[in-house]
Enquirer: 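I have a structure here, written as structure tokens, and I will follow up with some questions on it.
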Amino acid sequence: MYQVIGTAQSRALRVLWMLEELGQPYDHLAVNPHSERVTPFNPAGKVPVLVADGTPITDSTAILTYLADKHGALTHPAGTLDRARQDSLTQFVLDEFDAALWLAARHSFILPEEMRLAAIKNTLRWEFERSQKTLVHRMAEDGFLMGERMTVPDIILAHCLTWALTARFPIVEHRLTDYLERMRARPGFQRASAR
């Protein structure tokens with residue numbers, strides 16, 4: 001059985017959701033970053049951590065990729081063009097959405113107050129909106145990012161869009177608003193969010 005360390009209000013939600021979609025049993029240790037329950041598994045204190053067979057795995061994307069590959073679901077096979085497209089979308093979402101949101105969070109409440117630059121958030125919002133316009137041109141017309149099949153970048157994108165709402169980063173593309181509504185209605189998302 002897997003153990004997931006981190007609250008559902010963090011990137012650990014991605015891991016919880018993935019496990020729910022896969023139908024895999026897990027224990028959930030809902031603790032905040034840098035707590036004494038996290039550092040034995042990740043000395044940097046960051047969450048999420050997935051403990052699999054006694055081995056801690058850090059970084060939400062690494063965890064999602066590991067789980068998808070291990071269980072042969074929510075992914076395309078390694079070495080295929082579809083997997084290359086999937087990995088390209090994953091990296092795009094991480095670079096353009098996750099990075100902007102994380103930098104805004106750092107300058108809002110994570111960095112020491114004297115190191116924060118409040119004005120940077122305006123630039124990050126602008127970049128976030130521009131990235132949405134690019135992404136809608138890369139999305140499949142219907143269903144998920146790549147079409148009929150849900151994959152790893154769907155979980156990351158839906159989490160980032162949910163995070164954006166909390167951080168007051170506007171979702172300006174109607175296709176993304178509709179997409180997020182469908183993703184958040186999934187039973188796996190609902191169960192993971194309730195933790």
Side-chain angles (χ1 to χ4, degrees), residues 4-18 32-34 38 42-50 56-68 74-76 83-140 144-146 150-177 179-180 183-184 189 192-193:
V4 180
I5 302 171
T7 68
Q9 290 72 42
S10 71
R11 288 184 184 103
L13 176 62
R14 299 172 183 178
V15 179
L16 297 167
W17 184 10
M18 171 70 100
N32 291 320
H34 305 288
V38 175
N42 184 357
K46 293 183 177 182
V47 297
V49 177
L50 176 76
I57 305 167
T58 60
D59 182 85
S60 65
T61 303
I63 295 167
L64 297 182
T65 302
Y66 163 76
L67 289 170
L74 300 171
T75 189
H76 292 280
R83 178 60 173 264
R85 288 180 49 240
Q86 173 187 315
D87 291 345
S88 174
L89 279 167
T90 298
Q91 292 306 314
F92 180 84
V93 172
L94 291 171
D95 290 346
E96 303 297 327
F97 290 79
D98 186 273
L101 292 162
W102 177 236
L103 190 54
R106 291 175 65 194
H107 284 277
S108 295
F109 58 87
I110 295 171
L111 292 171
E113 216 168 308
E114 67 275 8
M115 301 301 291
R116 297 177 195 167
L117 302 172
I120 198 170
K121 289 185 267 186
N122 292 330
T123 301
L124 294 170
R125 282 188 190 92
W126 178 83
E127 287 183 354
F128 187 80
E129 289 181 23
R130 193 181 75 182
S131 296
Q132 291 175 54
K133 294 177 190 321
T134 302
L135 181 61
V136 295
H137 292 292
R138 294 186 65 181
M139 291 175 70
F144 301 103
L145 279 174
M146 294 185 68
M150 183 176 171
T151 56
V152 167
D154 286 295
I155 289 178
I156 299 169
L157 176 61
H159 175 259
C160 285
L161 293 174
T162 299
W163 183 2
L165 295 175
T166 304
R168 296 190 177 119
F169 271 50
I171 300 172
V172 296
E173 291 293 329
H174 296 297
R175 283 186 62 200
L176 289 176
T177 303
Y179 167 86
L180 180 59
M183 295 300 287
R184 289 169 51 124
F189 179 87
S193 296

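A quick note: this is a predicted structure, and the numbers were derived from the prediction, not measured.
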Enquirer: Can you tell me how far apart CG (Asp87) and OG1 (Thr75) are? Round to the nearest 0.5 Å.
Expert: 7.0 Å
Enquirer: With side chains defined as the heavy atoms from C-beta onward, is the minimum distance between Lys133 and Glu173 less than 4.5 Å?
Expert: yes
Enquirer: In Å, rounded to the nearest 0.5 Å, how long is the span from CG of Leu124 to CH2 of Trp102?
Expert: 13.0 Å
Enquirer: Between Ser108 and Lys121, is there a side-chain donor-acceptor contact under 3.5 Å, judged purely by atom types and distance?
Expert: yes
Enquirer: Please give me the minimum heavy-atom distance between Ala62 and Asp59, naming the atom from each residue.
Expert: N-OD2, 2.9 Å
Enquirer: Would the distance check show the side chain of Ser88 and the main-chain N or O of Ala84 forming a donor-acceptor pair, the cut-off being under 3.5 Å?
Expert: no
Enquirer: For the pair Asp154 (side chain) and Thr151 (backbone), establish whether a donor and an acceptor sit closer than 3.5 Å, ignoring hydrogens and angles.
Expert: yes
Enquirer: Work out which heavy atom in Gln132 is nearest to a heavy atom in Pro170; give both atom names and the distance.
Expert: NE2-O, 2.9 Å
Enquirer: Keeping Arg106 on the side-chain end and Leu111 on the backbone end, is there a donor-acceptor pair under 3.5 Å?
Expert: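 No, because the side chain of Arg106 does not come within donor-acceptor range (under 3.5 Å) of the backbone of Leu111.
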Enquirer: On a heavy-atom basis, which atom in Val38 and which in Asn32 lie closest, and how many Å separate them?
Expert: CG2-O, 3.5 Å
Enquirer: Kindly indicate whether the side chain of Leu101, heavy atoms from C-beta on, has any atom under 4.5 Å from the side chain of Cys160.
Expert: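 Of all side-chain heavy-atom pairs linking Cys160 with Leu101, at least one is under 4.5 Å.
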Enquirer: Let's go through Leu50 and Leu67 carefully: what are the C-alpha distance in whole Å and the side-chain angles of both, what is the deciding distance for side chain to side chain contact (heavy atoms under 4.5 Å, CB included) to 0.1 Å, and is it a yes or a no?
Expert: CA-CA 10 Å; Leu50 176 76; Leu67 289 170; 3.9 Å; yes
Enquirer: With side-chain contact (heavy atoms from CB on, under 4.5 Å) as the test, pick out the partner of Val15 among Ile57, Val49, Ile63.
Expert: Ile63
Enquirer: Which of these passes side-chain contact (heavy atoms from CB on, under 4.5 Å) with Ser60: His159, Arg14, Lys46?
Expert: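 The residue from His159, Arg14, Lys46 that satisfies side-chain contact (heavy atoms from CB on, under 4.5 Å) with Ser60 turns out to be Arg14.
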Enquirer: Which atoms form the tightest heavy-atom contact between Leu161 and Leu176, and what is the distance?
Expert: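 Here Leu161 and Leu176 meet closest at CD1-O, 4.1 Å.
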Enquirer: Does any part of the side chain of Gln91, heavy atoms only, come nearer than 4.5 Å to the side chain of Leu94, both counted from C-beta?
Expert: yes
Enquirer: Quick one: do Arg11 and Ile156 satisfy side chain to side chain contact (heavy atoms under 4.5 Å, CB included)? Show the steps, please.
Expert: CA-CA 9 Å; Arg11 288 184 184 103; Ile156 299 169; over 6 Å; no
Enquirer: Please lay out, stage by stage, how Met146 and His76 fare under the test side chain to side chain contact (heavy atoms under 4.5 Å, CB included).
Expert: CA-CA 10 Å; Met146 294 185 68; His76 292 280; 3.8 Å; yes
Enquirer: Count the heavy atoms belonging to other residues, nucleotides or ligands that lie under 6.0 Å from CD of Glu114, then report whether that count exceeds 12.
Expert: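 Yes.
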Enquirer: Which is it for Thr61 and Asp98 under the side chain to side chain contact (heavy atoms under 4.5 Å, CB included) test, yes or no, and what are the steps along the way?
Expert: CA-CA 11 Å; Thr61 303; Asp98 186 273; over 6 Å; no
Enquirer: Of all heavy-atom pairs between Met150 and Trp17, which one has the smallest distance, and what is that distance?
Expert: CE-CZ2, 3.8 Å
Enquirer: When Val4 is tested against each of Val47, Leu13, Leu16 for side-chain contact (heavy atoms from CB on, under 4.5 Å), which residue passes?
Expert: Leu16
Enquirer: Any side-chain heavy atom of Leu145 within less than 4.5 Å of one from Leu135?
Expert: yes
Enquirer: Shortest non-hydrogen contact from Met139 to Tyr179?
Expert: CE-CD1, 4.1 Å
Enquirer: Determine yes or no for a side-chain-to-main-chain donor-acceptor pair under 3.5 angstrom, with Arg125 supplying the side chain and Phe169 the backbone.
Expert: no
Enquirer: Is there side-chain contact between Asn42 and Ile5, with at least one heavy-atom pair below 4.5 Å?
Expert: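 A side-chain contact is absent here, since even the closest heavy-atom pair is not under 4.5 Å.
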